[in-house]
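Report on one structure; see the data block that follows.
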Amino acid sequence: MIQLSALLAKLTEKSHLRFPSVPDGGRMVSRVDLLHPDILPDTDTLYLCADESLLLDETLTRRLLSLPLPPMILSGCQAEPPLPLICAEPIPDIRELFHTILDILKFEDRLQKETNDLYYMLYTGKGLEGIVKQAEVFLRRPISVLDAGYSMIAVSPLMLHLPFGMDTSEEGHFLEAEEVESLRRLQIENQIYQNNQAFFVRTEDHPDTNWIFCAIRIQHVMSGYVAVGLPDRAEASEHELRLTTALSDICSVEMQKHDFFIQRTGLQYETFFNELIEGRFSNLKMVESRFRVLNHHLGKFFCLAILYCTEPHNSELFNQRQMTALRKTYPNSMSVVYKNDIVLLLNQDQPVLLNQKLTGPLEQFALHNHLKVSLSQPFADILKTPIFYEQAKNTLHLSDISSPEQLLFFSTEALPEYLFSKCDYKELETGIHYHIFQLQDYDREYHTEFITTLRAYLSHDRNATKTAEYLHIHRSTFFYRIKKIEDLLEISITDSKLLFLYELSFKIWDYLSK
């Protein structure tokens, strides 16, 4: 089936015919037939008239006009019969034209069937790999689907046998850095971004292989592309171009179906950064290669910031603006929207110092945009990004509960709580030193304040004067209480190892009390 106007355009191209007027060019044509007196008329059939006298046959005319929608008739006649007529100039050879149209309709039927079969693959659960494998059956060409960061997220069997272009490791398949440079140097990358349909190119870097490229767009953002190889310097056929365009649309649906790119920012490195957060890489050289390909410098020291929005907003527009602002503030950083939060990777050659110079702009940014920010500890191994992402995420959750009015949270200040959150609740309780329970029982029975005194001493840098002032007691009273604690527990208050265990016990106690 094909739209009438599209069919006539193809006839103009193939048979050099002209059609001065086309009534209702939006009609769909599914069949072609020769007009004759005994036809059973059909509104989706294009009738070719070889005998002009038939157009004046009253019986045939009445039969055709009895339909709710009169059929389409193509003729070389210039007369104006009662029926709507598509006139061709010059007068065509109707028999030859019949076979030309028949070939066009067969082509459209084949293309539609193959497209439908690819769309059906969306329901089979075989993912992008299954879709690409089926597309290779139809095209008989090597096919790959790449994200905007040049990771090959689906590769057909024939593509695996190409002698160039692919860098394979445990992490998956990636376009080699040299190939990315070639795409940019030859302006092919720009064409992918600018075109909505598949297009054909000859690449001087690989004279024995031509290519078809087509962008994959999600919510109008270029999220990746399809590449189809044409060996032996072959030209791209209409079938290959149109099926590749359909394939890119189907890939877009599949990627959205699995939330492949939820809340995209349109940045080339987005998929790569997502995979870095999810721990998809175990090879440092591969990570270094991806940074180079994406025009980013890989530093030696890193820190992750998670920005959580406390108020509802228009996700796409809001996040796009935040990405732009963050890149201006931290030029060598990467930022993505991941699981509804903005994640920022600080990436620099000097050690990351969590001082006012670094965190001040981030805190102001959070204040102006109704955000809360959690910073991981600085780290020097980029492959450990998933661990520090989890640390920052947990710090945000834990600190927001204890300090809901605060905007900026540091994982360095919540290390014990973070470690506690990874433990079983009952097992964590066993980490409280038994002396703490002994003091608690003694206070309850004799109405003393030994627990309060010990906690105050530990939280005031183990300074007697500061502790006494805090408790509003005389220094001699403080020393009396400490001596009683020492006698009761048979310890020395100068035992630093024991005092550390008491501090840890109080932190566990507070954590379990929330």
Side-chain angles (χ1 to χ4, degrees), residues 351-356 359 374-380 384 387-388 390-392 394-406 408-514:
V352 177
L353 301 177
L354 298 180
N355 52 26
Q356 180 63 24
T359 64
S374 174
L375 286 155
S376 75
Q377 287 202 97
F379 56 102
K384 292 183 179 178
I387 298 173
F388 289 96
E390 288 298 326
Q391 184 188 61
N394 276 272
T395 297
L396 180 63
H397 173 69
L398 294 168
S399 301
D400 196 28
I401 293 174
S402 60
S403 307
E405 301 303 318
Q406 194 171 328
L408 191 62
F409 306 116
F410 296 91
S411 294
T412 50
E413 297 176 355
L415 286 178
E417 290 80 2
Y418 173 62
L419 295 174
F420 300 159
S421 69
K422 298 299 182 181
C423 299
D424 179 81
Y425 188 94
K426 292 182 179 180
E427 290 182 357
L428 187 58
E429 190 175 11
T430 64
I432 300 175
H433 199 286
Y434 72 97
H435 284 172
I436 305 300
F437 293 115
Q438 287 182 348
L439 288 178
Q440 184 185 41
D441 293 340
Y442 192 89
D443 281 346
R444 188 181 295 117
E445 183 173 355
Y446 295 102
H447 306 290
T448 53
E449 297 183 32
F450 292 160
I451 283 286
T452 302
T453 302
L454 181 59
R455 290 199 67 164
Y457 178 62
L458 295 173
S459 61
H460 287 81
D461 304 321
R462 307 177 189 181
N463 183 288
T465 302
K466 290 181 179 179
T467 305
E469 290 176 354
Y470 172 76
L471 295 173
H472 304 291
I473 60 177
H474 197 274
R475 275 171 55 91
S476 60
T477 304
F478 166 75
F479 285 119
Y480 169 78
R481 291 182 184 179
I482 289 297
K483 183 65 171 66
K484 292 290 289 184
I485 292 172
E486 289 179 320
D487 292 343
L488 178 63
L489 301 177
E490 297 182 354
I491 64 163
S492 170
I493 203 66
T494 61
D495 187 339
S496 60
K497 181 178 179 181
L498 192 58
L499 293 181
F500 167 75
L501 294 176
Y502 290 166
E503 285 182 304
L504 183 61
S505 296
F506 283 126
K507 286 187 177 294
I508 296 175
W509 198 346
D510 291 342
Y511 177 79
L512 295 178
S513 300
K514 292 177 182 178

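Being a predicted model, the structure only gives us computed values, none of them experimental.
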**OP:** May I have the step-by-step check of side-chain contact (heavy atoms from CB on, under 4.5 Å) for Arg462 and Glu503, ending in yes or no?
**Re:** CA-CA 11 Å; Arg462 307 177 189 181; Glu503 285 182 304; 3.0 Å; yes
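- For the atom pair CD of Glu390 and NZ of Lys384, the computed distance is 15.5 Å after rounding to the nearest 0.5 Å.
- Listed by chain and residue number, nothing satisfies the side chain to side chain contact (heavy atoms under 4.5 Å, CB included) test with Thr430 (two or more places apart in sequence, or in another chain).
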**OP:** Start with the C-alpha gap between Leu454 and Ile493, add the side-chain angles, then the distance that decides, and say whether side-chain contact (heavy atoms from CB on, under 4.5 Å) holds.
**Re:** CA-CA 10 Å; Leu454 181 59; Ile493 203 66; 4.3 Å; yes
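- Under a cut-off of 6.0 angstrom, the local environment of OH in Tyr480 is sparse, with at most 12 non-hydrogen atoms contributed by other residues, nucleotides or ligands.
- Pairing each heavy atom of Phe478 with each of Ala464, the nearest pair is CE2-CB, 3.5 Å.
- Ion pair Lys484/Asp487 not flagged as a salt bridge, since none of the NZ, NE, NH1 or NH2 atoms sits closer than 4.0 Å to an Asp/Glu carboxylate oxygen.
- When each of Thr453, Thr448, Thr452 is paired with Arg481, the side-chain hydrogen bond (donor to acceptor under 3.5 Å, both in side chains) condition holds for Thr453 and for no other.
- Here the shortest heavy-atom pairing between Ile436 and Ile451 reads O-CD1, 3.5 Å.
- When all heavy atoms are compared, the tightest approach of Ser411 to Ala392 is OG-CA, 3.9 Å.
- Residues Ile482 and Glu486 form a side-chain contact, since some pair of their non-hydrogen atoms from C-beta on lies under 4.5 Å apart.
- The shortest heavy-atom contact between Ala456 and Tyr470 is CB-CD2, 3.8 Å.
- Note that CG of Leu471 is 4.5 Å distant from CD1 of Ile473, once rounded to the nearest 0.5 Å.
- Remark: His397 NE2 to Ser374 OG distance equals 12.0 Å, nearest 0.5 Å.
- The shortest heavy-atom contact between Tyr502 and His435 is OH-ND1, 2.5 Å.
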**OP:** Start with the C-alpha distance between Gln438 and Leu489, add both sets of side-chain angles, then the distance that settles side-chain contact (heavy atoms from CB on, under 4.5 Å), and finish with yes or no.
**Re:** CA-CA 8 Å; Gln438 287 182 348; Leu489 301 177; 3.2 Å; yes
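- Within the 4.5 Å cutoff, side-chain heavy atoms of Glu429 are placed close to those of Leu512.
- Residue Thr467 holds its OG1 atom at 8.5 Å from CG of Leu458, rounded to the nearest 0.5 Å.
- Rounding to the nearest 0.5 Å places CD1 of Ile432 at 9.5 Å from CG of Leu504.
- Between Trp509 and Phe506, the ring-plane angle classifies as parallel under the 30° and 60° cut-offs.
- Rounding to the nearest 0.5 Å gives a distance of 10.0 Å between CG of Leu375 and CD of Gln391.
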**OP:** Apply the test salt bridge (Lys or Arg N to Asp or Glu O under 4.0 Å) to residues Arg444 and Asp441: give CA-CA distance (whole Å), side-chain angles for both, the deciding distance (0.1 Å), then the verdict.
**Re:** CA-CA 5 Å; Arg444 188 181 295 117; Asp441 293 340; 3.1 Å; yes
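- Between Tyr511 and Leu428 there is a side-chain heavy-atom pair separated by less than 4.5 Å.
- Taking each heavy atom of Ser505 and Gly431 in turn, the nearest pair found is OG-O, 3.9 Å.
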